[in-house]
Amino acid sequence: MTNRMSRFNSTVPVDEYLADSNVMFYLSDAVTQLLEHKEEYTQFGVIRYLAEYFSSVKNSNHVLFREFNYVKATPHNRASFIRVFWRCYRQIGKSGDLLSMLEYRSLLQLLCPDFPVEMVQSASRIVLMDDAIDCLMSFSDFLYAFQLQFYYQEFLDSVLLIYQDLLAGKSPNTVIVPTSTSIEQLPSVAAEETDREQDGVDTPTLAQCVDALCDRFKHSFPPRACMRDILEQSDKVSYYSFLMSLAKHETVNQTIGVLPTKAELLIDPEMDQELDKLIAQISVSPGSNSSGSAVGGALKEVQRKASPRRNIHHRRRMEVESDGSTEETDSSEN
């Protein structure tokens, strides 16, 4: 935690610290979950429950199997979900499998049942440059594009509206920028501009509008230096080429702070050790003749360490779904 955010830093007002750290949000959710599942949790004691809740928040396991509104509620939740997605499905990248947008949507919905398809479509458009979102994508390409789209959703939605206004020939002085926009409305609007978008817009003008947006934006946005660096490289730029450059920019990745570099993306000694143990257990288990359930076992292992705020029926239902969902992907490793 930075000095600015530290509760021991007397220069930070209490109200500002509570707002920046979202402590009240998590405390409210903890109490809500306790009341909804009190028969399950009160038998272990309220103090132990709260300790486990905030421990799961600290360890970034608290978003697993939670509803989308909770997953996207705070920057920490979004970063945590990106990390969980990477760790659960890293084996897909190691095996070299290419998946479609619908397949990535299915994987995301195993972790968050109501995860919206529009968000997955937006990430796919970054990878495929809005060309044909039914094409296959590598895990690493999709992951970094998804990280950018999900973490900076509101900012990118606003940039898209600015871009479309500039593409339509509107003066930058007349561009109206909202603080947030419904993502469900954007894909259809973007599709209408596909033909004109190929040439892109004037980068100095877009850079000026993006800089003005940052001055008044209340949500998270990528580092200004990264955006300026990208926009200074050419006279014209399209929206999706701009986003692709941001998704690949290592400074953006470091700012979010949950994924390693692309060179180290598939290296995770801790998870490899867990998988090795699971495979060893499977190999000596009676009636087991396949290693295809290795990742499914790893997903259940992550689930075991996750937040206690899920009822027993929900946990069992998600275990069954996760077992079936990874069978085809894992079989490619054999």
Parallel, tilted or perpendicular, as decided by the 30° and 60° cut-offs, for the rings of Phe81 and Phe150: perpendicular
Considering only heavy atoms from C-beta outward, does the side chain of [X] approach that of [Y] to under 4.5 Å?
{"X": "Phe142", "Y": "Val120", "result": "yes"}
{"X": "Ser124", "Y": "Tyr104", "result": "no"}
{"X": "Tyr70", "Y": "Phe25", "result": "yes"}
{"X": "Tyr239", "Y": "Leu206", "result": "no"}
{"X": "Phe221", "Y": "Val159", "result": "no"}
{"X": "Trp86", "Y": "Gln147", "result": "no"}
{"X": "Val258", "Y": "Ser80", "result": "no"}
{"X": "Met137", "Y": "Leu98", "result": "no"}

Ignoring hydrogens and angles, tell me if any N or O in the side chain of [X] forms a donor-acceptor pair with the backbone of [Y] under 3.5 Å.
{"X": "Ser122", "Y": "Glu118", "result": "yes"}
{"X": "Tyr144", "Y": "Val127", "result": "no"}
{"X": "Arg66", "Y": "His62", "result": "no"}
{"X": "Gln109", "Y": "Phe115", "result": "yes"}
{"X": "Thr205", "Y": "Val201", "result": "no"}
{"X": "Ser245", "Y": "Ser241", "result": "yes"}
{"X": "Asn253", "Y": "Leu259", "result": "yes"}

What are the two closest non-hydrogen atoms of [X] and [Y], and how far apart are they?
{"X": "Pro222", "Y": "Tyr152", "answer": "N-CE2, 3.5 Å"}
{"X": "Pro223", "Y": "Thr251", "answer": "CG-CG2, 4.3 Å"}
{"X": "Ser60", "Y": "Val84", "answer": "O-CG2, 3.5 Å"}
{"X": "Ser220", "Y": "Pro75", "answer": "OG-CG, 4.1 Å"}
{"X": "Leu243", "Y": "Gln149", "answer": "CD2-OE1, 4.4 Å"}
{"X": "Leu265", "Y": "Pro260", "answer": "CA-CG, 3.6 Å"}

[X] side, atom [atom1]; [Y] side, atom [atom2] - distance, nearest 0.5 Å:
{"X": "Gln208", "Y": "Thr203", "atom1": "CD", "atom2": "OG1", "value": "12.0 Å"}
{"X": "Glu67", "Y": "Lys72", "atom1": "CD", "atom2": "NZ", "value": "11.5 Å"}
{"X": "Leu50", "Y": "Ser55", "atom1": "CG", "atom2": "OG", "value": "12.0 Å"}
{"X": "Leu110", "Y": "Arg105", "atom1": "CG", "atom2": "CZ", "value": "11.0 Å"}
{"X": "Gln153", "Y": "Leu148", "atom1": "CD", "atom2": "CG", "value": "11.5 Å"}
{"X": "Ile92", "Y": "Glu103", "atom1": "CD1", "atom2": "CD", "value": "8.5 Å"}

Worked check of side chain to side chain contact (heavy atoms under 4.5 Å, CB included) between Asn77 and Val71: CA-CA 5 Å; Asn77 283 11; Val71 170; 5.5 Å; no
Neighbour count >12 (heavy atoms, 6.0 Å) for atom [atom1], [X]:
{"X": "Lys58", "atom1": "NZ", "answer": "no"}
{"X": "Glu39", "atom1": "CD", "answer": "no"}
{"X": "Leu35", "atom1": "CG", "answer": "yes"}
{"X": "Asp114", "atom1": "CG", "answer": "yes"}

Any donor-acceptor N or O pair under 3.5 Å, side chains Asn59, Ser56: no
Exercise: do Tyr26 and Thr74 side chains pair donor with acceptor under 3.5 Å: yes
Presence of salt bridge, Asp141 and Lys248, under 4.0 angstrom: no
Under 4.5 Å between side-chain heavy atoms, counting indirect links through other Ile/Leu/Val/Met/Phe/Trp/Tyr residues: same cluster for [X] and [Y] or not?
{"X": "Leu99", "Y": "Val117", "result": "yes"}
{"X": "Leu34", "Y": "Leu27", "result": "yes"}
{"X": "Met244", "Y": "Leu136", "result": "no"}

Tyr89 vs Phe139, ring-ring contact (aromatic ring centres under 6.0 Å, His included): CA-CA, chis, key distance, verdict: CA-CA 9 Å; Tyr89 301 121; Phe139 179 73; 7.4 Å; no
Intermediate values then yes/no, side chain to side chain contact (heavy atoms under 4.5 Å, CB included), Phe65 and Cys112: CA-CA 5 Å; Phe65 307 138; Cys112 174; over 6 Å; no
Steps toward ring-ring contact (aromatic ring centres under 6.0 Å, His included) verdict (Phe85, Phe146): CA-CA 10 Å; Phe85 178 71; Phe146 172 73; 5.6 Å; yes
CA sep, side-chain torsions, deciding dist, call: Arg224, Asp211, salt bridge (Lys or Arg N to Asp or Glu O under 4.0 Å): CA-CA 7 Å; Arg224 293 196 192 199; Asp211 198 53; 2.9 Å; yes
Side chain to side chain contact (heavy atoms under 4.5 Å, CB included) between Cys214 and Phe155, worked out: CA-CA 9 Å; Cys214 294; Phe155 181 79; 3.9 Å; yes
Asn22 vs His76, side chain to side chain contact (heavy atoms under 4.5 Å, CB included): CA-CA, chis, key distance, verdict: CA-CA 9 Å; Asn22 295 295; His76 176 65; 6.0 Å; no
Listed partners of Asp229 passing salt bridge (charged side-chain N to carboxylate O under 4.0 Å, His left out), at least two apart: none
